[in-house]
Structure formats: C-alpha cells, structure tokens
Number of protein chains: 2
Amino acid sequence: MPYKPDMDEMNRIPETRVEQREAYEATSVYELVREDILQGKLAANERLKVSVLAARYGTSTNPVREALQQLRGEGFVLFSHNRGARVRPIDEEFVRDIYEMEVLIEPYLTSWFVGIATDEDIARLEAIQDRIDAIGFEDPEAYSALDTQFHRLMYDRHYNRHALDMWWKHREILRAISRKFPFARGRRREILNEHRQLIEAIKDHDATTAARVIAAHVGGSGRHIVEHMRASRNL
Amino acid sequence: MPYKPDMDEMNRIPETRVEQREAYEATSVYELVREDILQGKLAANERLKVSVLAARYGTSTNPVREALQQLRGEGFVLFSHNRGARVRPIDEEFVRDIYEMEVLIEPYLTSWFVGIATDEDIARLEAIQDRIDAIGFEDPEAYSALDTQFHRLMYDRHYNRHALDMWWKHREILRAISRKFPFARGRRREILNEHRQLIEAIKDHDATTAARVIAAHVGGSGRHIVEHMRASRNL
DNA sequence: CGCTGTCAGATCGTACATTATCTGTCAATT
DNA sequence: AATTGACAGATAATGTACGATCTGACAGCG
C-alpha cells in the first residue's frame, strides 16, 4: 500500500516561533536542549551529562539521550565514544563556513522567487521593509523577526525543501551568534540599502541582479559578524 | 580550562570506506541502519520498529532508538509522534533538490581547488582519469570508487569543512540511488569529456571555467538520474 | 451504516546493570 | 624533593529490562 505522508513527519520550518517557553510546558527535550544551546545557556564545548540534563528538564535519561543523538545528527552536539556529548563550539571558522554556504544558497532561492513574485508579494516586502526602517535597529529582536519575515516571504514557497531546510538551520545558528554582536551603525545602512536594491531588482524581474545583491548582502553580513567575533576574542 | 578537541569527535569523512561489513563486526547500530537504508535493504517508507531492528542487529532496543534519532537528525529517517520511524523515501524531487544544491556547492569547492592545485595534483587527477577511461564503465562499482577519488582529491583539503560534509553526505545518497540506474552510453561519453575539460581548466588555473564545467557536470548527472527515476516509475 | 469499546502491538518513559573513563592518593624511582 | 606510574574509588556513559501510554483495527451494538 502506498504510504501517504503526514504533516508532522516532515522537518518543517515552524509557522510561528514560540519565543517564550514558559507558556507551553509541553515542549520536547530536544527542543529545550537545542534552544539552550542556541541561546548560549549551554556554552560552547560544555559537557552535556545526561543525568544533569535529565534533572534540569525533569525527565529521565532516555529522552535526553535520544535528544542528544538527534542533535548530533544535526551537528549541534559532538560525541566521543564512552565520553559523552559536548556542545559544538560555533567559532569564527564555522560561522564563516556557514556564511559562505549561504552566499551560494540565498541567491539560488532568491532568483527563483523573482520569477514567481506577484505584485502583492512585492508590496508585502516593501511593507516589511518600511517597518524595518521605522524601528531602525532600536530593538534588535524586533529587527531580527522582521528580517526573518522578509526572507521567508521570498523563500518559503521554493520547491527545493532541502535547500530551504538548510537555509533555515543556518539562519537559526547565525541568529544565535549575531545576538551577541549587534550591528554597527555603518553596517545597518548597508543592510537597508541592500534590501531596497533587492526590492528594485525584483520589481524589474531581474533575477541576475537580485541574486548579485543578495549575495553581497549575505557576504557582507558574514564578514561583519566574523570580524566582530575575531575582535571580541582579542580582549 | 580550554577544551582541546579530539579526533574522533568530528564527523569526518572516513579515510577509507569499509565496503564489506562482515570483516569488522564491531560497527555501530547507527552505521548498520544507515548502510541498510542507503543500500535499499530497508525500503522507502518502510516502518522501522525498534524491536525488529534490535533483533536484526543483535542488540537491545536502546541503541536502536538512539541510532534512529541520529538518523532523524541527518534526515534519513522520519518520525511521527507515538508512531515511530520510517525510512525517508528518496524520490525524484528529493534527488533533484540535492543535485541542485550540488550544482552550487561543487563549483564552489572546485574553484578554490584550482587556486591551490599543484602540478602533482593535476598529474594525479589525470592518472585517476586514465584509469576511469581504462575500465570504461565496465564495472560500475570500480567506476564509482574512482570517480569519488577524483572528486575527493579536489575537495578534501578545502577549508570549509561544513560544505565538505554536506557534499559528502549528498554524494553518499546519490551513490545509493545511482547504483540502481547505471549510466547510459551517451551520458558516459559526456562524463569523460567533462572530466577532461575540467582538468584542462585546472591546468590553465582558470577557476571560472572549471566552475562552469563542474556545474554542467553535476547538473547533467542530476538530470540524467532524475529522468531514469521518472522512467522507471512509469513501468 | 456509523459509532464505540476492547485489545493487540508498538512507542515512549523509567529504573537498573554493566562497563568504561576520570581523579586523586600513594608508593617507587630518579 | 619532584616526577612518574599504578591502583582504587567515584562518576558517567552505554546496554538491558520492564511498565505506562498511545495508536490502529476490528468486533459488537445501536
């Protein structure tokens, strides 16, 4: 009998992010650990002892062990045999590597979007961008949320779900990092500029320049973050 | 105290692939399940019952559960809550998606290699290619091994370990698929051609054309496989 | 024909056993 | 006296066993 896939089987990008966890207490251990790693509550290279985590999250050890294995598969956790798990450190190299992959992926996603973008899509993009301009980086969290909205509007409908998952995973990692390094004033202006340029290219249905703009956008952000990380290391 | 990373902590591409498992019986459940999925011994969408797998591999259930979770993290296995795990089907869409990502990644890896390639590297590439020409697709397994060697010679030293892991993972999936669809004669000639063109571009230290050639190479293989899959589906 | 209760089978969580690694002490050697 | 090596206890990872809970299917009933 042919198997009919189910909604919750796919590793989907969540429709709405749950930011505050206290409201819903029914989240899985996997999500909790993952979130704690991304938030930095579990530091780089920190040992992840199943007994400690089990106590922390109020479960027994088995769910923790399985969660850690899943996170290992996703690359967030490193194992060594008979010596347990550690938080994968997100160092400059790793961030650079991820950004360089994004420089490949995002233009790819973008240029397809240019082909299918309706006037309404463009209007929405502009509306989001207006709001970004309005808050003007005052509130980094709000900015981050809007920026995510901006990119998801372009990417979410892409047929390449695998590339989309990859993008989303990368984005979550990078968001966690950039939380610690707020954008400098100069870089902010560049970002606004690039978004506006991007919208223009989409309006013109010019996939090539759109791809070029987004590549520069991502590459710029990457270099910016890596430099910050490097600077803060030499304190 | 600063943590000094350990060799076996990293998810590294293995130095030498172990093809026959009977020799070493000490492989982990994770590897066994993964291999069985890639070899097709566990079919697409097949239910993965922990008790069955535990019996099959001669362990208790917990190692199986953890292995499945890791495979879930890597995307080989899909879970639905309280309903267990299934083998992720590798359908045409998925293969297409992976190939399209490879069209981005491989040129990226290649063009860096062009910059660092020594004369000896080029000689080795040519040696491998000569051997490929020699066996001339008679033995698909041997061809596959040589082709892997060819590409690894170019990619293995790349600084972007993340991209390299991604490439390797994709390659393993695609190898598993293409085992079922041997190359047609026409496509074979193209492949040989493209490899030779690539070598020429590397000799000229021309990263741009090297990237273009490899993009065409990967894209061509992708279309070829997808068409085969589509055809075999309509039997 | 549809609804509902029951039951088998499997997942998921908990508890326990075993095995490996880490740590600190102490004796032996230089 | 300082360093090294071995041993023992503690600690934690890995493997096994079991019970609770959920799902899916089917028979009985309205």
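Residue numbers begin at 1 in each chain, while the letters A, B, ... track the order of the sequences.
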Considering only NZ, NE, NH1 and NH2 on the basic side and carboxylate oxygens on the acidic side, decide whether B:Arg56 and B:Asp36 come within less than 4.0 Å. yes
Looking at A:Arg96 and A:Glu92, does any basic side-chain N land under 4.0 Å from a carboxylate oxygen? no
Value in whole Å for how far the [atom2] atom of [N] lies from [atom1] of [X]:
{"X": "B:Leu48", "N": "C:dT11", "atom1": "CG", "atom2": "C1'", "value": "13 Å"}
{"X": "B:Glu66", "N": "C:dG13", "atom1": "CD", "atom2": "P", "value": "13 Å"}
{"X": "B:Lys49", "N": "C:dT11", "atom1": "NZ", "atom2": "C1'", "value": "12 Å"}
{"X": "B:Arg83", "N": "C:dC12", "atom1": "CZ", "atom2": "P", "value": "11 Å"}
{"X": "A:Tyr57", "N": "C:dC12", "atom1": "OH", "atom2": "C1'", "value": "19 Å"}

For residues A:Trp112 and A:Tyr155, establish whether the separation of their ring centroids is below 6.0 Å. no
Strictly under 6.0 Å, is that where the ring centroids of B:His158 and B:Tyr108 end up? yes
On DNA chain D, nearest-nucleotide positions of B:Asn82 versus A:Val50: which is more 5'? A:Val50
For B:Trp167, does the six-membered ring have the charged nitrogen or CZ of B:Arg152 within the cation-pi criterion, i.e. under 6.0 angstrom from the centroid and within 45° of the normal? no
Strictly by modelled atom types, are [X] and [Y] linked by a side-chain donor-acceptor pair under 3.5 Å?
{"X": "B:Gln69", "Y": "B:Tyr30", "answer": "no"}
{"X": "B:Arg187", "Y": "B:Ser221", "answer": "yes"}
{"X": "B:Asp147", "Y": "B:Ser144", "answer": "no"}

Comparing nearest nucleotides in DNA chain C, the 5'-proximal residue of the pair A:Gly58, B:Arg47 is B:Arg47
Go through DNA chain D in 5' to 3' direction and return only the first and the last nucleotide with some atom under 4.0 Å of chain A's heavy atoms. D:dA12 to D:dG15
Which of the following nucleotides, C:dT14, C:dT21, C:dT11, is nearest to the side chain of A:Asn62? C:dT14
Using a heavy-atom cut-off of 4.0 Å across all strands, would you classify B:Thr59 as base, sugar-phosphate, or nothing? sugar-phosphate
Atom CZ of A:Phe79 and atom CZ of A:Arg88: how far apart are they, to the nearest 0.5 Å? 14.0 Å
Dot-bracket notation for DNA chain C is requested: 5' to 3', Watson-Crick or G-U wobble pairs only, both distances under 3.5 Å, with ( ), [ ], | and . as defined. ||||||||||||||||||||||||||||||
